[in-house]
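Notes follow the structure.
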Amino acid sequence: FRLTGDKTFTEGARQHLATTERDFIRADGSTVEFIEYDPVIGKQLRAFTLLGAHDHSCWSRGQAWAIAGYLRAWEELRDTHYLDLARHLLGYWNKNSGADLVPPWDFMDPALQRTPEAVPLDTSAAAIVVEQLARIAVHPELSQQAPDMVATLGTMMDGLISHLTDDNTPAPGRLREGCFNQPRLFANRSELVWGSAYMLFALFYLQQGKAPA
């Protein structure tokens, strides 16, 4: 809308956000990865996953996109309902992650009950959230309205830093322990390009004291 003055874009975004809230966010704050709809009447046919542990699970990177998306909606539209939704989603994340807030690849992986130390993390999911939290932290008005988000940024950023390769490695500063596709055991404990990128974006915003509009 800022670029075109056409309210259609804002209305479309709000409709998308409302549909996501209605259909993809569970009461406990977890999220669904995919829903198949009847193309004629719009009825939900099934909920399922491609990258999560099972169809009723909560894939952490999907949760990250939901948190970041609603925080960005709040940033752009200044509707505090979106901030409330982001808090609800982040509350589930915090409850089901370790102290450093770097999440397991899926919050409902059954192996978490048996051998949690063997379950892959997904640093790239945390990096997605950190990038948007950094946008909030450097915004004078929004950071004052959501000090809890700024505090979460510090904890999560410290957690990510602990997964960086250090100066004694051939390639220092790489974000390890990203999980691309655990069901296929493909790049499930790796550096993922978007993970490193989102973390670099966040660090750049914090260094510059501002984020791009």
Side-chain angles (χ1 to χ4, degrees), residues 13-37 44 46-113 116 119-137 142-143 145-160 178-179 182-183 194-195 198 202:
R14 285 187 179 276
Q15 289 178 19
H16 181 75
L17 291 160
T19 299
T20 301
E21 177 185 0
R22 184 192 69 201
D23 294 350
F24 288 82
I25 299 177
R26 303 185 182 108
D28 66 355
S30 64
T31 51
V32 176
E33 185 182 357
F34 288 109
I35 293 176
E36 180 181 356
Y37 294 91
Q44 292 185 39
R46 65 183 180 117
F48 65 101
T49 187
L50 295 178
L51 291 170
H54 51 81
D55 286 346
H56 303 289
S57 71
C58 181
W59 175 52
S60 64
R61 199 153 68 245
Q63 189 82 3
W65 290 123
I67 294 167
Y70 279 107
L71 283 175
R72 189 59 183 269
W74 174 53
E75 178 186 346
E76 294 293 332
L77 302 174
R78 304 300 171 90
D79 184 336
T80 56
H81 179 64
Y82 301 135
L83 174 60
D84 292 339
L85 285 172
R87 283 194 171 114
H88 184 46
L89 295 162
L90 190 56
Y92 178 87
W93 176 295
N94 293 347
K95 182 179 179 180
N96 292 282
S97 297
D100 63 0
L101 300 185
V102 176
W105 75 281
D106 191 300
F107 292 111
M108 299 184 191
D109 183 343
L112 286 166
Q113 304 301 318
V119 173
L121 302 174
D122 189 4
T123 56
S124 80
I128 290 165
V129 177
V130 156
E131 188 269 344
Q132 182 57 45
L133 290 174
R135 294 185 64 93
I136 300 302
L142 300 184
S143 61
Q145 294 180 41
D148 54 322
M149 296 299 174
V150 179
T152 299
L153 168 64
T155 302
M156 203 178 294
M157 181 65 82
D158 286 345
L160 286 177
C179 183
Q182 174 64 7
W194 62 87
Y198 276 109

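Model, not experiment: these values are computed from the prediction.
Using a cutoff of 4.0 Å between basic side-chain nitrogens and carboxylate oxygens, R14 and D79 are scored as salt-bridged.
Closest non-hydrogen pair, R26 versus D55, comes out as NH2-O, 4.2 Å. Closest heavy-atom contact between A137 and L153: CB-CD2, 3.6 Å. Contact detail for D106 and A53: the closest heavy-atom pair is OD2-N, 2.8 Å. Minimum heavy-atom separation, V32 to A47: CG1-CB, 3.7 Å. Between V102 and G159, the closest heavy-atom pair is CG2-C, 3.8 Å. P183 approaches G52 most closely through the heavy-atom pair CG-O, 3.5 Å.
Every residue was checked against the salt bridge (Lys or Arg N to Asp or Glu O under 4.0 Å) condition with E21, not counting sequence neighbours, and none meets it. Looking at residues two or more places apart in sequence or on another chain, you find no salt bridge (Lys or Arg N to Asp or Glu O under 4.0 Å) involving R22. Scanning for ring pair (Phe, Tyr, Trp, His ring centres under 6.0 Å) contacts around F107 gives Y92, W93, with sequence neighbours left out.
The structure places CD of Q145 at 8.5 Å from OG1 of T80, a figure rounded to the nearest 0.5 Å. Atom CE of M108 sits about 7.0 Å away from atom NE2 of H54, to the nearest 0.5 Å. Interatomic distance, CD of E131 versus CD1 of I136, reported as 10.0 Å (0.5 Å rounding). Residue L90 holds its CG atom at 7.5 Å from CG of L101, rounded to the nearest 0.5 Å. A distance of 8.0 Å separates CD of Q63 from CD1 of I25, quoted to the nearest 0.5 Å. Here the straight-line distance linking atom NE2 of H88 with atom OG of S30 works out to 8.0 Å at 0.5 Å rounding.
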Would you sort out whether D100 and D158 count as a side chain to side chain contact (heavy atoms under 4.5 Å, CB included), showing the intermediate values?
CA-CA 7 Å; D100 63 0; D158 286 345; over 6 Å; no
When you look at L142 and M149, which way does the side chain to side chain contact (heavy atoms under 4.5 Å, CB included) test go after all the steps?
CA-CA 10 Å; L142 300 184; M149 296 299 174; over 6 Å; no
Please lay out, stage by stage, how L160 and Y198 fare under the test side chain to side chain contact (heavy atoms under 4.5 Å, CB included).
CA-CA 11 Å; L160 286 177; Y198 276 109; over 6 Å; no
Walk me through it: do L83 and L71 pass the test side chain to side chain contact (heavy atoms under 4.5 Å, CB included)?
CA-CA 6 Å; L83 174 60; L71 283 175; 4.0 Å; yes
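The closest side-chain heavy-atom distance from D122 to Q182 is not below 4.5 Å. Counting heavy atoms from C-beta outward, P104 and D109 have side chains that stay 4.5 Å or more apart.
Using a distance-only test at 3.5 Å, with no hydrogens or angles considered, a donor-acceptor pair links the side chain of Y70 to the main chain of L17. With E33 contributing its side chain and L51 its backbone, the two residues share a donor-acceptor pair below 3.5 Å. Looking at S60, its side chain does come within 3.5 Å of a backbone N or O of W105 through a donor-acceptor pair. The closest donor-acceptor contact from the side chain of R61 to the backbone of C179 lies under 3.5 Å.
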